[in-house]
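Read through the structure below, which is laid out as structure tokens, and then see the notes.
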Amino acid sequence: MTSLNAIVPMLCVTAAAIAAMIAEAFRSPGERMPIGPLGAIGLTGAAIASALLWDHNASSFGVVTADNFGLFVTWVLIVVGLLSLAFSGPTVARERLPQGEYYALMLFAIAGMMLMATASDLLVIFLALEVLSLAVYVLTGIRRDSATGIEAALKYFLLGAFSSAFFLYGIAFTYGVTGSTRLDRIGSLIAAQSLAPTPMQLLALGLLFVGFAFKVSAVPFHMWTPDAYEAAPPAVTGFMSTGVKAAAFAAFARVFLTAFEPLKAQWGPVLWAVAAATMIVGSVVGVTQSSVKRMLAYSSIAHGGYLLVALLAANDIGKGAVLFYLLAYAVTNLGAFGVIAVLDNADRPNDRVRDYAGLSNDHPGLAALMTIFLLSLGGFPPLAGFIAKWYVFSAAVKAGYTWLAILGVLTSVVAVFFYLRIVVMMYMTPSDQPVQFPAVPRIAGFALVVSAVVVLYLGILPTRVLNWAAASISTIF
Amino acid sequence: MPFPILTSLIVVPIVGAILLLLVKDDEQHRTMLRIGAFVVTVLVFLQTLFLWARFDPASADFQFVERHAWIPAFGISYFVGVDGISLLLLVLTGFLTPLALLGSWESVHKHTRAFCMFVLLLESAMMGVFIALDLFLFYVFWDAMLIPMYFLIGIWGYERRVYAAVKFILYTMGGSVLMLLAILGLAFLHSTVPGAGGYSFDLTRIDQLQIPPNLQFWFFLAFALSFAIKVPVFPFHTWLPDAHVEAPTAGSVLLAGVLLKMGTYGLVRFAFPLFPLAASFFAPYLAGLAVIGIVYGALVAMVQPDMKKLVAYSSVSHLGFVVLGITAMNVQGVQGAVYQMLNHGISTGGLFLIVGMLSDRRHTRLIAEYGGLKNVVPRLVAAFLIITLSSIGLPGLNGFVGEFLILLGAFRWSPRLAACAATGIVLSAAYMLWMFQRVNYGPVSNQKNAGMMDLTPREWVVVVPIIAVAVLMGVLPNLFLRPIEPSVSRLVSRVQAGAPARIQARARLRSEIAPSFGAASQPPATSYQAPATSDQPR
């Protein structure tokens, strides 16, 4: 059994997903079944399993490595999963979405993400990427009667398939150059080869880069993001914008900072430009959006840019910064989407910025929570987003990427403008007509409060998590 | 362990704000909320007074120091302390916050609980800015303070409040993010020094760094830009009239009284001592901008039809004096600057409170709407007059001492700049008195003013302390200057030691132009002892 250790967390989640499917199959129409809690049990099991695996550096089949780096990301994914389950409840119930399918897809996606975060072989990374992507494509279009949902899902699927092809070609070329798909072997082989990289190596590198850039929605591969984020149900959007990003960044970091580290002179400048473009486009275009979900889609693009900066800096701080940022961003962003999910409403989607006018009168608590999340996204102290940004920019300054850091802080000021637009609506603009915002379901409300507490905790007392993040990266890089 | 009094300055308002959550926010409980918040702020004020009483005025060191590791991996600590420069700013903050609450007592009708909470949170952050001795901690408070102020302006302000609030927060943040990078740069520089022990954001350690001139240049620019926007120094001042005019009375009072001081405080505490070479290079330019601000602010104030806007532009002018005093970087100049920060807090805070009282009664701030108030509300006008005179700098009131010291210091450095700045004093008399005359003298031209109410008991509680402090600071300046002096002397000598060229230039100036002013170390305060104060406690 020892060889299975490293995949136990994934097994827990997969088991929960299968259980959800079976439960759905035996559910008589109209019967209410607690399928969401089933997923929560699976995720809790995964959390315990990964806690037990900590510091053991377990490896399964030579292609999945549960090192601390992967486990940290696994925890982030578990947090993402638990919060997403909590926020999904109201949407699933109201939209009459097929419960079993919905939760099973979400759990399969999480299993895929976990695999992606711990995989140490390019083919397994590809496998994980496909598992999670397919589930997320379907989740994007889960509202079958919504034309925009179907359109966005198709667009996402086509572009995603395209990028998967790039990625697969990249793997093929890498195999052609090095004769292996194992990351450690690729790394040592590339390092051993001549100083000047061959065109084949560069081609492999470029193709893999495009594949990852698509998944982390880096400019110019970000086009699908706003459409997919806008059309999917808010809980799904929150899930995609944090989970997919966390998994993709984990794999991105692992592949580029271990296997392709020797070629950093080649990919470094490209990543520099992509990071700069991502930050600029994300924050500047976000300013012009009138849909909250689209706005947050651009915000998540911009945040991807900050993560790319940390990845590029790639010093001891930068690697830890990627992990801390992923956690802080996941909790904050999911919280924001959780608020949207709670307000989402069949006859009034509450997605225009204007729809938030007067929210502080009807739901002062909800408005306050949303403000905390938005300010954290904007990088205000004493919230998680500030520490995360500060960590990233420290890494950049230390690594000598001063201009990138300057660009980063300036774009974050631009982004503050659109986060504040929602705050302005909630607090400073009276609503045109009296609106009834829906009541807040208890579980979702509880999850929102927990997220806000975590955001404050990470902002005020970040030491412990920072140390974990630092300890996580020391094992592999 | 001694009682952590500085931490309690931060914690008490936060706890108070949380406790207010327990009170229902409706009609019946409104007064209870206000009283609760008021009691908390008075408590904080008493703490600051206690701090002052226990402060050792002979020492230039940081006192009441508390230090706890916060993020040890980066050398970030919770490190707070006060010296003579920050002590009285804390007292000022403690003094103005309850008055600001009283000033907005009646005019805040909606969301009273949130209003009180934001004022308390703002007070906590303001205290934090003045006591933080760790650069990271300082930045945290510096930015955190924007949020409550943003809400105060945006929710309870006047017509264009949203525009003003967003402009305020974006301007200030835009300036400060570059300072964050400079702070990071300093910490990394510290980590490159062998044996220094890695990263550190500790001000007292970063003080010891030998920063290469080219880095000083950039770091100083980043810090100075951030502070210059906050002050605001001339070309960066455009957010201020909007924010001041649109903010509710409490917001304007705290904005003018305390927040603007953070910019000048930052210059004194961080920008000049950390980067003396760059500071000496930039000082003439900064001083030039300050003088432009003095004259420009005064001229623009003169033509304002709106009282609040007039006071706002007068702030630009008055803070120009403070910056001028700092750039002179001699004991008189800096001491005058610190003193003037307090003065400006008292007199401009007072003016905003008075304007708030008028606008509570008449719901307008336009000068043209008033006239002849002296006949209707003589007591209010009397208070108005005293505070106006204190703002102009009439001898015997607080404003005079600060401006005089600053001009003295500036003259020793650059007589030309001092001469230009002095015109600001004349202009300030012109625009303030002209405004006062149009509002209060003459016949009652507008019948709506005829039935105005004079000072209510609550308003008496607001104006009496302000006037008392204005008089006290005018006749007993030594009481306030004594704790400031040691810290300022040390600061000045440190900056001068770091910028040798400047000392020579100054020495030359002194010998050629102003030989009569004596040695720099001579405590200047002695020359202000009014006869009536000879029995003051020593």
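Scope of the values below: all heavy atoms of this structure, side chains included, with no hydrogens, waters or symmetry mates. Quick note on labels: first sequence line is chain A, next is B, and so on, each numbered from 1.
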Looking only at heavy atoms, which two atoms of [X] and [Y] are closest? And how far apart?
| X | Y | value |
| --- | --- | --- |
| A:Met428 | B:Arg161 | O-NH2, 3.5 Å |
| B:Leu170 | A:Val413 | CD2-O, 3.6 Å |
| A:Asn361 | B:His111 | OD1-CE1, 3.1 Å |
| B:Leu184 | A:Ser394 | CD2-OG, 3.2 Å |
| A:Thr463 | B:Ile71 | OG1-CA, 3.7 Å |

Is atom [atom1] of [X] surrounded by more than 12 heavy atoms (other residues, nucleotides or ligands) closer than 6.0 Å?
| X | atom1 | answer |
| --- | --- | --- |
| B:Lys24 | NZ | no |
| B:Phe217 | CZ | yes |
| B:Trp218 | CH2 | no |

[X] versus chain B, heavy atoms under 4.5 Å apart: side chain, backbone, both or neither?
| X | answer |
| --- | --- |
| A:Leu420 | both |
| A:Thr371 | side chain |
| A:Leu466 | side chain |
| A:Ile460 | backbone |
| A:Phe386 | side chain |

Part of B:Ile76 within contact of chain A (heavy atom distance under 4.5 Å): side chain
So that I know where these two stand, are A:Tyr427 and B:Tyr150 an aromatic pair - ring centroids less than 6.0 Å apart? no
Parallel, tilted or perpendicular, as decided by the 30° and 60° cut-offs, for the rings of B:Phe74 and A:Trp390: perpendicular
Has the side chain of B:Trp70 got a donor or acceptor atom that lies under 3.5 Å from a matching backbone atom of A:Pro462? no
With side-chain contact (heavy atoms from CB on, under 4.5 Å) as the criterion, how do A:Ile406 and B:Leu181 come out once you've worked through the C-alpha distance, each side chain's angles and the decisive distance to 0.1 Å? CA-CA 7 Å; A:Ile406 291 176; B:Leu181 291 184; 3.5 Å; yes
Quick check on the interface: out of B:Ile169, B:Leu180, B:Leu146, who has the most heavy-atom pairs with chain A under 4.5 Å? B:Ile169
